[in-house]
Amino acid sequence: QVQLVESGGGLVQFGGSLRLSCAASGRTSAAAWFRQVPGKEREFVAAISWGFGSTYYTDSVKGRFTISGDLAKNTVYLQMNSLKPEASAVYYCAARQFLSNSFSLRADWNYWGQGTQVTVSS
């Protein structure tokens with residue numbers, strides 16, 4: 001069982017930046033960030049695969065968000081730049097310990113953090 005703890009959320013102005021962190025209690029093969037607003041489905045934002053050495057992004061954040069990680073610390077980061085109000089959501093960290101080439105579905109991940117709120121003011 002792996003526990004995930006997110007941090008770094010908060011209030012930021014339009015065009016600003018924020019960095020989210022997700023600390024895992026054990027080793028994982030991949031990690032991801034999802035986000036959810038009330039009344040909508042949780043949506044994929046970005047993923048990183050230690051096994052494949054690759055990163056993946058949803059189209060709306062490409063070029064503005066960067067996912068990275070520190071294996072020694074079992075920590076994943078999401079650097080978010082040029083933030084827009086539509087990015088406001090609860091951001092969830094997800095992880096898994098098995099290898100898979102599927103990343104964008106909730107069912108692809110078996111460990112989840114508690115979420116951290118990001119609010120972008122206009």
Side-chain angles (χ1 to χ4, degrees):
Q1 188 78 9
V2 174
Q3 294 182 332
L4 304 175
V5 178
E6 301 105 331
S7 61
L11 175 64
V12 64
Q13 289 187 334
F14 177 86
S17 298
L18 212 55
R19 189 176 83 154
L20 306 182
S21 299
C22 172
S25 62
R27 283 293 185 97
T28 60
S29 64
W33 289 95
F34 283 70
R35 62 188 178 190
Q36 189 170 22
V37 297
K40 292 192 174 182
E41 294 290 319
R42 192 170 297 186
E43 66 169 356
F44 170 77
V45 177
I48 185 167
S49 170
W50 316 120
F52 297 124
S54 302
T55 56
Y56 309 85
Y57 299 91
T58 192
D59 286 345
S60 63
V61 307
K62 285 180 180 177
R64 298 185 299 112
F65 289 15
T66 302
I67 188 169
S68 63
D70 185 335
L71 279 177
K73 296 181 179 180
N74 291 329
T75 300
V76 175
Y77 306 98
L78 184 67
Q79 177 67 43
M80 304 185 292
N81 298 329
S82 302
L83 282 163
K84 306 174 183 179
E86 51 263 41
S88 297
V90 177
Y91 282 70
Y92 294 90
C93 178
R96 65 194 185 204
Q97 292 177 312
F98 55 88
L99 289 178
S100 171
N101 59 5
S102 181
F103 296 91
S104 64
L105 304 176
R106 287 186 67 170
D108 293 332
W109 307 91
N110 54 348
Y111 299 119
W112 291 87
Q114 81 286 352
T116 185
Q117 177 70 48
V118 171
T119 303
V120 184
S121 63
S122 56

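We're numbering straight along the sequence, starting at 1.
Contact record, Asn81 with Ser17: OD1-OG, 2.9 Å, taken as the closest heavy-atom pair. Looking at every heavy atom in both residues, Gln3 comes nearest to Ser25 through N-OG, 2.8 Å. The minimum heavy-atom distance between Thr28 and Ala95, with the atom names listed, is CG2-CB, 3.7 Å. Smallest separation of non-hydrogen atoms from Ala46 and Leu78: CB-CD1, 4.2 Å. In terms of heavy atoms, Gly9 sits closest to Val118 at CA-CG2, 4.2 Å. Listed here is the closest heavy atom pair of Gln97 and Asn110: N-OD1, 4.3 Å.
The hydrophobic cluster containing Leu83 also contains Trp33, counting ILVMFWY residues as joined when their side-chain heavy atoms lie under 4.5 angstrom apart, directly or transitively. Tyr77 and Val12 end up in different hydrophobic clusters when Ile, Leu, Val, Met, Phe, Trp and Tyr side chains are linked at under 4.5 Å. Linking Ile, Leu, Val, Met, Phe, Trp and Tyr whenever their side-chain heavy atoms come within less than 4.5 Å puts Val61 and Ile67 in one cluster. No continuous path of ILVMFWY side-chain contacts below 4.5 Å connects Tyr92 to Val45, so the two sit in separate hydrophobic clusters. Hydrophobic clustering (ILVMFWY, side-chain heavy atoms < 4.5 Å, transitive): Phe34 and Leu105 are in distinct clusters.
Classified by interplanar angle (parallel below 30°, tilted 30° to 60°, perpendicular above 60°), the ring pair Phe103/Trp109 is tilted. The aromatic rings of Tyr91 and Phe65 sit tilted relative to each other, their planes meeting at an angle between 30° and 60°.
With sequence neighbours left out, the ring-ring contact (aromatic ring centres under 6.0 Å, His included) criterion links Tyr57 to no other residue.
Within the 3.5 Å criterion, the main-chain N or O of Asp108 finds a donor-acceptor partner in the side chain of Arg96. Without hydrogens or angle criteria, Glu6 side chain to Gln114 main chain gives a donor-acceptor distance under 3.5 Å. In this structure, Thr119 contributes its side chain and Ser88 its backbone to no donor-acceptor pair below 3.5 Å.
Inter-residue side-chain proximity for Thr58 and Ser104 is flagged as unmet; no heavy-atom pair is nearer than 4.5 Å. By the 4.5 Å heavy-atom criterion applied to side chains, Arg106 and Phe44 are not counted as neighbours.
Separation of atoms CG (Leu18) and CD (Gln79) is listed at 8.0 Å; rounding is to 0.5 Å. Rounding to the nearest 0.5 Å places NZ of Lys62 at 9.5 Å from OG of Ser60. Of the inter-residue distances, the one linking Ser122 atom OG with Lys84 atom NZ reads 14.0 Å to the nearest 0.5 angstrom. Between the OG atom of Ser49 and the CG atom of Leu99 there is a distance of 7.0 Å, given to the nearest 0.5 Å.
Residues in residues 12-115 take part in these disulfide (SG to SG under 2.5 Å) pairs, two or more places apart or across chains: Cys22-Cys93.
Taking the ring axis of Trp50 as reference, the NZ or CZ atom of Arg27 does not stay both within 45° of it and closer than 6.0 Å to the ring centre.
By the 6.0 Å contact criterion, CD on Glu41 is open, its count of non-hydrogen atoms from other residues, nucleotides or ligands being 12 or less. Taking a 6.0 Å sphere around CD of Glu43, one finds it holds more than 12 heavy atoms contributed by other residues, nucleotides or ligands.
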